[in-house]
Amino acid sequence: MMTKDLLIKGGRVVDPANSVDDVLDILVSEGKIKAVGKGLDETVEGNKEVEVLDASGKIVMPGFIDMHVHLREPGFEQKEDIESGTRAAAMGGFTAVAAMPNTEPPCDNEATVRYVLDAARARGWVRVYPVGAVTKGRQGKELAEMGEMLEAGAVAFSDDGSPVSTAEVLRCALLYLKSFGAVLIDHPEDLTLSEGGQMNQGPVSTIAGFRGIPDEAETVAVARDLLIAGLTGGKLHLTHLSTKGSLELVRWFRERGVEVTIDVTPHHLILTDEIVKSWGYDTNTKVNPPLRSEEDVKALVEALKDGTIDAIASDHAPHHLDDKWVEFDFAPFGISGLETEVALIVDRFVIPGIISWSRLAELFSVNPAKILGVPGGRISPGEAADITIIDPELEFAVDPRKFESKGKNTPFGGWRLTGAPWATIVGGEIKMKNRVLINRGN
Amino acid sequence: MSLKGKDLLSLEELSAEDIELVLSTAQSLKEILARPIKKVPALRGKVVCTLFYEPSTRTRTSFELAAKYMSADTVSIATSTSAMQKGETLADTARNIEVMGTDVVIMRHSVSGACHFLAKVLDVPVINAGDGMHEHPTQGLLDIFTILQYKSRIKGLKVAILGDVLHSRVARSLTWGLRKLGAEVHIAGPATLIPPYAEVLGVKVHSRPEGAIEGADVVYSLRLQLERQRSALFPSKREYHDFFGLNRERLRLAKDDALVMHPGPMNRGIEISTDVADSPQSVILEQVTNGVAVRMAILYLILGGKE
């Protein structure tokens, strides 16, 4: 089926990969960018075969990619499935997501990668990039068949949910992946230090009566990972970093020539461990890595500004209400993040001028595309027309009951934010417009 | 100033005035325990439910007797006998109890914050009878009541709390209460059993017991929570007793009239030696008696009883 051509008219196009920041029109044809320029509306005027999307006053950017989400399918469809998770992504302004492999069965082989891709083709609202497991069954013992998974369509590898088990397994995996050029995404955590921990270790955990997860549960693992990256020269990405110490280690190793990329989540950039106690042990504040101290939050924001951080990812971890409406220790870790992520960053960091729109596009589009080695990250003729449009003036109240995601587990319920995704365009098709999903019936 | 209809979840959240209200109410109710017929009609027609997800002898019996002495009806539910065993959630169990007409739920649970969660689930008041490593507010109140009985004041006293502070909800509640009333609190134990950032509780931290005990008015020995120990926190019970236990020799460092206290159950020969536990300075059994009076006061105040 041929879709109509689309003219995105009069928006402020922020496309740092092409050094563009200007009010421009974008013409889309057959799912691809056909032209970017001024006055394109005149060339299509009166042409009924062209749909016009008036983007004046809006910020038009290359499609956002969330490089760390849990779509939960196969195996945990009560928490989320590929349809609900990608609806949430479209609502949140994402044209693509990278789906973590800690499903049941885990995505540790070609067949499961194909299953995810087939399900995404049939029921997905945005592009889904499967992340395969590094080790068979995510058990941390034998390498999974990563080459075959890559051929089937996986884009990266991770044992997320868990760290890559040992320094030796990590060493082998990073070396092995050099033959394929794919990135290994590690969740850095020393499980012996975090065992039994429910929240950040600090004054609040002592008052609240919880075994704490110290910063070092992360930094010990970050140090290990960076040393092994140095040893192997492998392509390493560290996800959801949450501590000042981790950032200092990353800078220290980078100065010594170790290449690594990192992402952080919106909740670690905004919330502190204080709320675990002050919100009366609300299990929506329970997340791994845990919400950290004010000092860590400040360090993360600084690193967001100075470029240390490459990407923002949600670690979208949807859970059923039944899972979270229990005693704190019994609740699983995780925050449903896709639908609040962009609005939070725009409201907290872009509108106040802490980071620019251009930096936002790097964090959400340019760098994730580069790290994962997937298309996108730029608005250039010939490229797939994946575009995220933000309305910087849109008032957005977070109401978890209205989430497209099955996971209503968010600590941001009731927050009022200014600036939110206004349209999501995937391959030239408008998937979301003015905060409403659009089903084209295909 | 009233506790009527309110939850009692922690001493951190209770004001000094409310603590004093409980203590003075307990003082006037305590004489009921000495009567030949231990029964007043103050809570007649009220239903008190104890919901215990962890074993308990003292606390549960104490609450039940407190309720009975004031003519309330009591029901007690414990893990071994209830639908909890069948996988029912806390929220479901508690709401079932509530709709049967319970006026207050007293809960003990192994998870910190479980009573805060219960308070969100229920409309009726919740009393925390110990939640994980967080707080045990009625224990803290009965301890302070006992100290007050012997020392006639709290302000300015030096209280040493010894042992497994890390896992102790008793230590946290007692510390909050004592600090609010103006006592000086010292804690001591092996550093593996001292909570990180313990200073936020308003205490002075010692790595050996001697410094804490020196000149103390009260020496409070905590139960070593053997059931919560992980590996590598301390090498053996014997070594623990040798270096950190409360024995006769260490007690001599305290004031001559210092009180010896323990929340029970005691591990004799580990955190406290038998001669100290049974010495004239020990008020450990008086703590237990006072526990009934303090819990009578709490139930009376929360349920709005009448004389």
Side-chain angles (χ1 to χ4, degrees), chain A residues 78 190-217 243 272-286 290-296 319-333 409 411 413, chain B residues 7 9-13 53 84 87-95 107 109-121 126 128 130-137 165-173 175-176 187 194-203 205 228-233:
Chain A
Q78 77 281 13
D190 181 317
L191 297 173
T192 66
L193 285 171
S194 61
E195 188 191 353
Q198 302 295 324
M199 64 174 293
N200 182 46
Q201 176 172 304
V204 184
S205 64
T206 284
I207 292 173
F210 283 125
R211 178 158 155 69
I213 300 172
D215 289 359
E216 287 71 14
T243 70
T272 69
D273 60 355
E274 290 285 337
I275 65 169
V276 176
K277 180 81 186 4
S278 65
W279 293 6
Y281 299 82
D282 185 339
T283 57
N284 286 325
T285 66
K286 183 174 175 179
L291 301 176
R292 299 288 188 183
S293 70
E294 187 71 46
E295 195 187 352
D296 291 309
H319 289 293
H320 196 278
L321 179 63
D322 289 347
D323 302 324
K324 283 283 196 180
W325 189 238
V326 293
E327 299 90 316
F328 203 86
D329 285 29
F330 303 160
F333 292 94
N409 49 307
Chain B
D7 304 308
L9 303 178
S10 71
L11 291 196
E12 185 205 355
E13 294 160 312
Y53 284 82
M84 304 166 194
E88 188 175 48
T89 65
L90 170 58
D92 284 340
T93 301
R95 283 166 64 198
M107 184 169 78
H109 201 294
S110 61
V111 174
S112 298
C115 293
H116 283 79
F117 173 64
L118 190 67
K120 289 181 195 173
V121 171
V126 172
N128 181 359
D131 64 325
M133 307 178 344
H134 174 228
E135 284 218 33
H136 190 352
V165 181
L166 177 67
H167 297 110
S168 180
R169 52 200 177 207
V170 172
R172 285 175 178 76
S173 284
T175 298
W176 285 118
I187 66 171
I194 297 294
Y197 307 92
E199 307 74 30
V200 295
L201 300 169
V203 299
V205 181
R228 293 187 211 272
Q229 303 298 331
R230 291 166 302 113
S231 62
L233 290 176

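None of these values were measured; they are calculated from a predicted model.
For the pair B/W176 and A/I207, the minimum side-chain heavy-atom distance is below 4.5 Å.
Nearest heavy atom pair, residue B/A91 against residue A/W325, reads CB-NE1, 3.8 Å. Considering all non-hydrogen atoms of both residues, B/A114 and A/E327 come closest at CB-CG, 4.0 Å.
If you measure heavy-atom distances from A/D322 to chain B, you find no contacts under 4.5 Å at all.
Here the straight-line distance linking atom NE2 of B/H116 with atom NZ of A/K277 works out to 5.5 Å at 0.5 Å rounding. Remark: A/T206 OG1 to B/E199 CD distance equals 9.0 Å, nearest 0.5 Å.
Ranked by heavy-atom pairs under 4.5 Å with chain A, the first of B/T89, B/V200, B/V111 is B/V111. Ranked by heavy-atom pairs shorter than 4.5 Å toward chain B, the options A/S205, A/G209, A/A208 are led by A/G209.
For residues 190-203 of chain A, a heavy-atom distance under 4.5 Å to chain B picks out A/Q201, A/G202, A/P203, given by residue number.
Within a 6.0 Å sphere centred on CD of A/E295, heavy atoms belonging to other residues, nucleotides or ligands number 12 at most.
The aromatic rings of B/H134 and A/Y281 sit perpendicular, their planes meeting at an angle over 60°, well past the 30° parallel limit. Ring pair A/F330/B/H109 is tilted by interplanar angle, where 30° to 60° counts as tilted.
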